[in-house]
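These notes are about the structure you will find just below.
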Amino acid sequence: MVDAFLIAYTKLLVEHPEDISIEINEIDEKLDEITIYANNEDIGKLIGKHGRMINSIKTVISGCKAKYGKNYRLNVKPIA
């Protein structure tokens, strides 16, 4: 659920939606680390001014905690 939302939402924000990919690593049973990979030109758009965009994305996915009982750590990285 979280990964489908993140892919759909982040593709709306960037200029190179074909470059968006997401990797989810389970740190433990209550924490998942989500890494969004994007084109280097789009990193700033995903983070936003003063981190507002990435913080709003974090707020939305934190709502999934109530349903699934997991916390999420979110990272944005350029495609290697």
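Just so it is clear, the values below take in all heavy atoms, side chains as well, and ignore hydrogens, waters and symmetry mates.
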Worksheet, complete the sentence: Note: N25 and E23 closest approach over all heavy atoms is ND2-OE2, 3.2 Å

Discussion item. Could you report the tightest heavy-atom contact between I79 and D19, atom names first, then the distance?
Written reply: CD1-O, 3.2 Å

Fill in: N71 side, atom CG; K30 side, atom NZ - distance, nearest 0.5 Å
8.5 Å

Discussion item. Within the 4.5 Å heavy-atom criterion, are E15 and K45 side-chain neighbours or not?
Written reply: yes

Worksheet item: Is any side-chain heavy atom of I57 closer than 4.5 Å to a side-chain heavy atom of Y9?
Response: yes

Worksheet item: Can I54 be reached from V60 by stepping across I, L, V, M, F, W or Y side chains whose heavy atoms are under 4.5 Å apart?
Response: yes

Fill in: Partners passing salt bridge (Lys or Arg N to Asp or Glu O under 4.0 Å) against K11 (at least two apart in sequence or in another chain)
none

Worksheet, complete the sentence: In short, N40 meets P78 closest at the heavy-atom pair OD1-CB, 3.7 Å

Fill in: Residue pair N75 / I34, side-chain heavy-atom distance below 4.5 Å
no

Worksheet item: Among N39, I43, I36, D42, which one satisfies side-chain contact (heavy atoms from CB on, under 4.5 Å) with V14?
Response: D42

Fill in: Validation row: T35, I22 side chains within 4.5 angstrom (heavy atoms)
no

Worksheet entry | Heavy-atom check, side chain of Y37 versus side chain of I20, under 4.5 Å | no

Worksheet entry | Linked, directly or transitively: V2 and I27 (ILVMFWY side chains, under 4.5 Å) | no

Worksheet item: Could you give the distance from OG (S21) to CG (D3), rounded to the nearest 0.5 Å?
Response: 12.0 Å

Worksheet entry | Cluster link L74 to L31, ILVMFWY, side chain under 4.5 Å | no

Item to complete: May I ask you to decide whether K70 forms a salt bridge with E29, counting only side-chain N to carboxylate O separations under 4.0 Å?
Response: no

Practice prompt. List the steps, then state whether side-chain contact (heavy atoms from CB on, under 4.5 Å) holds for M53 with L13.
Written response: CA-CA 10 Å; M53 184 58 67; L13 298 172; 3.8 Å; yes

Worksheet entry | CD1-CG distance between I7 and L12, expressed to the nearest 0.5 angstrom | 12.0 Å

